[in-house]
Amino acid sequence: MRTIEYIRVNVDNHVFYLGKEKGAYVFVGSEGKEFEEIYQFFGEKNITYVKGIKKDFQDAIQQFEAYYSGRLRRFDLPIAYTGTPFQLAVWEELQHIPYGETITYKQLAKSLKKEKAVRAIASAVGKNPLLVLVPCHRVLGSDGKLRGYRGGLAMKQALLAQEQR
């Protein structure tokens, strides 16, 4: 049985949930969403959810504070993904998009050598469990416009604006 520790954090007026399993971060929630978002992601079968202690999440809180204040460009936290091999490849590639830059889903598909799988790649991006840590907000539509984001387009726009300061 899996056990996921979680905590609700407020960093510089950004309120979201963090989830951890065996010391690695497995989930970063959307701003303003409730605990049910974790449930929707992982379900309830064979998983126990335990409210964490703030001090056990201090490394992430400090890095999020540094990110939102413009002092951190790349997170250095232990992370663990749960997904298909295809999703894992997409999420791994997202981490190579530089801070303050954007790419399109088509460019992401090309970098993965899966040019014909743009829709599948977009779907995998949308299932990223680690918002902000794995920067899926840096991926745009081929027309350069914002497209879907689990945290909502307002959050995506705010993250991109944050990285332009």
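All heavy atoms count here, side chains included; hydrogens, waters and symmetry mates do not. Worth saying up front: this structure is predicted, and the values here are computed from it rather than measured.
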Checklist entry - Does L140 reach the side chain of L146, with side-chain heavy atoms less than 4.5 Å apart? => result yes

Checklist outcome for this item: So NZ of K156 and OG of S30: to nearest 0.5 Å the spacing works out to 12.5 Å

Checklist entry - When rounded to the nearest 0.5 angstrom, what is the spacing between CD in Q107 and CD1 in I97? => result 9.0 Å

Next on the checklist: For a 4.5 angstrom cut-off between non-hydrogen side-chain atoms, does L131 reach L159?
Outcome noted: no

Item to check | Qualifying residue for ring pair (Phe, Tyr, Trp, His ring centres under 6.0 Å) with Y39, from F27, Y49, Y6, Y17 | outcome: Y49

Checklist outcome for this item: Taking every heavy atom of G151 against every heavy atom of M155, the minimum-distance pair comes out as O-CB, 3.5 Å

Checklist entry - Do you reckon I61 sits in the same ILVMFWY cluster as I38, going by side-chain contacts under 4.5 Å, direct or chained? => result no

Checklist entry - So which heavy atom on Y67 is nearest to which on V132, and how close? => result CE2-CG1, 3.9 Å

Next on the checklist: Walk me through whether R119 and Y105 qualify under side chain to side chain contact (heavy atoms under 4.5 Å, CB included).
Outcome noted: CA-CA 8 Å; R119 287 181 193 228; Y105 291 100; over 6 Å; no

Item to check | Side chain proximity check, E65 to D12, heavy atoms < 4.5 angstrom | outcome: no

Checklist entry - For the residue pair P129 and V26, what are the closest heavy atoms and their distance? => result CB-O, 3.5 Å

Checklist entry - Got a donor-acceptor contact below 3.5 angstrom from the K51 side chain to the R8 backbone? => result no

Next on the checklist: Ignoring hydrogens and geometry beyond distance, is a side-chain donor-acceptor pair present between D59 and Y25 at under 3.5 Å?
Outcome noted: yes

Next on the checklist: V15 vs E31, test: side chain to side chain contact (heavy atoms under 4.5 Å, CB included). Steps then yes/no.
Outcome noted: CA-CA 5 Å; V15 180; E31 286 186 27; over 6 Å; no

Checklist entry - Below 4.5 Å, heavy atoms only, C-beta onward: do Y81 and V134 meet side chain to side chain? => result yes

Next on the checklist: Would you say F41 ends up clustered with F35 if hydrophobic residues are merged whenever their side chains have heavy atoms under 4.5 Å apart, either directly or through other cluster members?
Outcome noted: yes

Item to check | Steps toward side chain to side chain contact (heavy atoms under 4.5 Å, CB included) verdict (M1, I47) | outcome: CA-CA 6 Å; M1 174 164 306; I47 297 180; 5.9 Å; no

Next on the checklist: Minimum heavy-atom separation for L18 and A60, please, with both atom names.
Outcome noted: CD1-CB, 3.8 Å

Checklist outcome for this item: Here the gap from I121 atom CD1 to K106 atom NZ, rounded to the nearest 0.5 Å, amounts to 12.5 Å

Next on the checklist: Evaluate R150 against E37 for salt bridge (charged side-chain N to carboxylate O under 4.0 Å, His left out), listing each step before the verdict.
Outcome noted: CA-CA 10 Å; R150 177 167 56 92; E37 187 182 23; 2.7 Å; yes

Next on the checklist: For a 4.5 angstrom cut-off between non-hydrogen side-chain atoms, does F64 reach F57?
Outcome noted: no

Next on the checklist: Assess, by modelled atom type and distance only, whether the side chains of H137 and E163 contain a donor and an acceptor separated by less than 3.5 Å.
Outcome noted: yes

Checklist entry - What is the minimum heavy-atom distance between C136 and N128, and which atoms define it? => result SG-ND2, 3.1 Å

Item to check | Atom pair CD1 (I7) and CD1 (I53), whose distance is rounded to the nearest 0.5 Å | outcome: 8.5 Å

Next on the checklist: As a quick check of understanding, evaluate side chain to side chain contact (heavy atoms under 4.5 Å, CB included) for Q157 and Y149, giving each step before the final call.
Outcome noted: CA-CA 10 Å; Q157 178 62 50; Y149 187 67; over 6 Å; no

Checklist entry - Is there a path from Y99 to L108 through hydrophobic residues (I, L, V, M, F, W, Y) whose side chains come within less than 4.5 Å of each other? => result yes

Checklist entry - Run the salt bridge (charged side-chain N to carboxylate O under 4.0 Å, His left out) check on D143 and R147 step by step: do they pass? => result CA-CA 10 Å; D143 57 2; R147 294 290 179 250; 2.6 Å; yes

Checklist entry - Do F42 and L133 share a hydrophobic cluster (ILVMFWY, side-chain heavy atoms under 4.5 Å, transitive)? => result no

Item to check | Joint cluster assignment, V139 & F86, ILVMFWY side-chain distance < 4.5 Å | outcome: yes

Checklist outcome for this item: Shortest non-hydrogen pair, T3 vs E21, comes out as O-CG, 3.5 Å

Checklist entry - Where does the angle between the aromatic ring planes of F16 and Y68 fall among parallel (under 30°), tilted (30 to 60°) and perpendicular (over 60°)? => result tilted

Checklist entry - What's the spacing between Q164 CD and T102 OG1 if we round to 0.5 Å? => result 8.0 Å

Checklist entry - Can you tell me how far OG of S123 sits from CD of Q87, rounded to the nearest 0.5 angstrom? => result 7.0 Å

